[in-house]
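Only one structure is covered here, and it is reproduced in the block below.
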Amino acid sequence: AQTVTQSQPEMSVQEAETVTLSCTYDTSESDYYLFWYKQPPSRQMILVIRQEAYKQQNATENRFSVNFQKAAKSFSLKISDSQLGDAAMYFCAYESGGSNYKLTFGKGTLLTVNP
Amino acid sequence: SQTIHQWPATLVQPVGSPLSLECTVEGTSNPNLYWYRQAAGRGLQLLFYSVGIGQISSEVPQNLSASRPQDRQFILSSKKLLLSDSGFYLCAWSRGTPATQYFGPGTRLTVL
């Protein structure tokens, strides 16, 4: 079974600075997808970014980018120019390419943004 | 565009009472549908998923059940709630490949 590990229960960053959230996963599959979701205080899960394992290029979405290291099974999220609205719980998630689309989540990292 | 609705937003129920949470999706057809539970301070646990009407897969044996009476409607039920059923319940949908899941606003359930 696949597992997703987020080793940082909490992180903090100063407004306008850059922060990196870590995620590692364990799988024997070659076809899979990785995601970062954000859960603000409203608790709705919001998709931040998605990475296909077959793509070597790291995904980017505006201020959010990932560092995908397939051999190391690492998938970190970098938030540039942090804003107060980035404060949230961030979850890393794995989806098998051959599955019926089930997501395996990490336990999350709580990000605080200091003004 | 697609939207997903959940209701109620908040629910307080006594132990032993029944439960019905509803999730509907608009703007797409034949979606995969999912129910998750999030206990306080924890990650998400997949409870049920459905790839079509009447097709339900259970991930965790427990006090809950799910049904999909219509293509874009997913219902989470219980005949008798337990204290341990308290939590935040999220519905999600996906379609295509990769099957990115999009979540609803959630229901906060407190069982007293």
Side-chain angles (χ1 to χ4, degrees), chain A residues 1-10 21 23-25 27 29-55 59 61 66 68 75 88-110, chain B residues 1-11 23 28 30-52 55-60 66 68 74 86-110:
Chain A
Q2 293 80 23
T3 58
V4 177
T5 302
Q6 294 180 247
S7 59
Q8 307 153 315
E10 297 184 21
L21 309 183
C23 173
T24 58
Y25 57 95
T27 184
E29 300 175 329
S30 58
D31 181 23
Y32 54 89
Y33 306 93
L34 297 164
F35 305 84
W36 278 99
Y37 283 89
K38 167 185 176 180
Q39 188 178 40
S42 68
R43 299 193 73 177
Q44 181 163 7
M45 295 287 283
I46 301 167
L47 177 68
V48 175
I49 202 164
R50 180 183 75 198
Q51 175 78 44
E52 291 86 345
Y54 63 85
K55 290 187 177 179
E61 287 288 345
V66 299
F68 174 46
F75 182 61
M89 182 73 85
Y90 286 81
F91 291 94
C92 178
Y94 171 102
E95 177 191 306
S96 170
S99 80
N100 27 27
Y101 316 126
K102 293 185 288 183
L103 282 174
T104 301
F105 285 87
K107 296 192 175 187
T109 296
L110 181 62
Chain B
S1 64
Q2 300 84 14
T3 55
I4 178 169
H5 305 279
Q6 285 185 246
W7 62 90
T10 305
L11 191 60
C23 170
T28 187
N30 197 29
N32 296 324
L33 296 171
Y34 311 82
W35 278 113
Y36 289 88
R37 177 168 59 200
Q38 186 179 30
R42 296 193 173 185
L44 275 71
Q45 178 187 40
L46 178 64
L47 302 175
F48 301 95
Y49 68 93
S50 171
V51 298
Q55 300 178 60
I56 309 294
S57 296
S58 174
E59 287 295 298
V60 183
R68 184 170 177 174
F74 205 23
S86 292
F88 190 66
Y89 289 82
L90 285 156
C91 180
W93 73 272
S94 70
R95 196 172 189 280
T97 302
T100 303
Q101 293 187 22
Y102 299 95
F103 288 80
T107 295
R108 187 184 308 274
L109 172 65
T110 303

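Everything quoted here is computed from the prediction, not taken from an experiment. Letters A, B, ... are given to chains in the order of the sequence lines, protein chains preceding strands, and every chain is numbered from 1.
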| Nearest-0.5 Å distance that lies between atom CZ in A/Arg43 and atom OH in B/Tyr89 | 11.5 Å
| task | Hey, could you give me the CG/OH distance between A/Leu103 and B/Tyr36, rounded to the nearest 0.5 Å? | result | 4.0 Å
| message | Could you walk me through whether A/Glu95 and B/Gln101 satisfy the side-chain hydrogen bond (donor to acceptor under 3.5 Å, both in side chains) test, starting with their C-alpha distance in whole Å, then the side-chain angles of each, then the deciding distance to 0.1 Å, before giving a yes or no? | response | CA-CA 10 Å; A/Glu95 177 191 306; B/Gln101 293 187 22; 5.1 Å; no
| query | For A/Leu47, is it the side chain, the backbone, both or neither that has a heavy atom under 4.5 Å from a heavy atom of chain B? | reply | side chain
| field | Side chain / backbone / both / neither for A/Gln6 at chain B, heavy atoms under 4.5 Å | value | neither
| request: Under 4.5 Å, counting heavy-atom pairs only, tell me which of B/Leu44, B/Leu90, B/Leu46 racks up the most with chain A. | output: B/Leu44
| task | State, yes or no, whether a side-chain contact exists between B/Gln38 and A/Phe91 at a heavy-atom distance under 4.5 Å. | result | yes
| task | Measure A/Tyr37 against the heavy atoms of chain B and call it side chain, backbone, both or neither at under 4.5 Å. | result | side chain
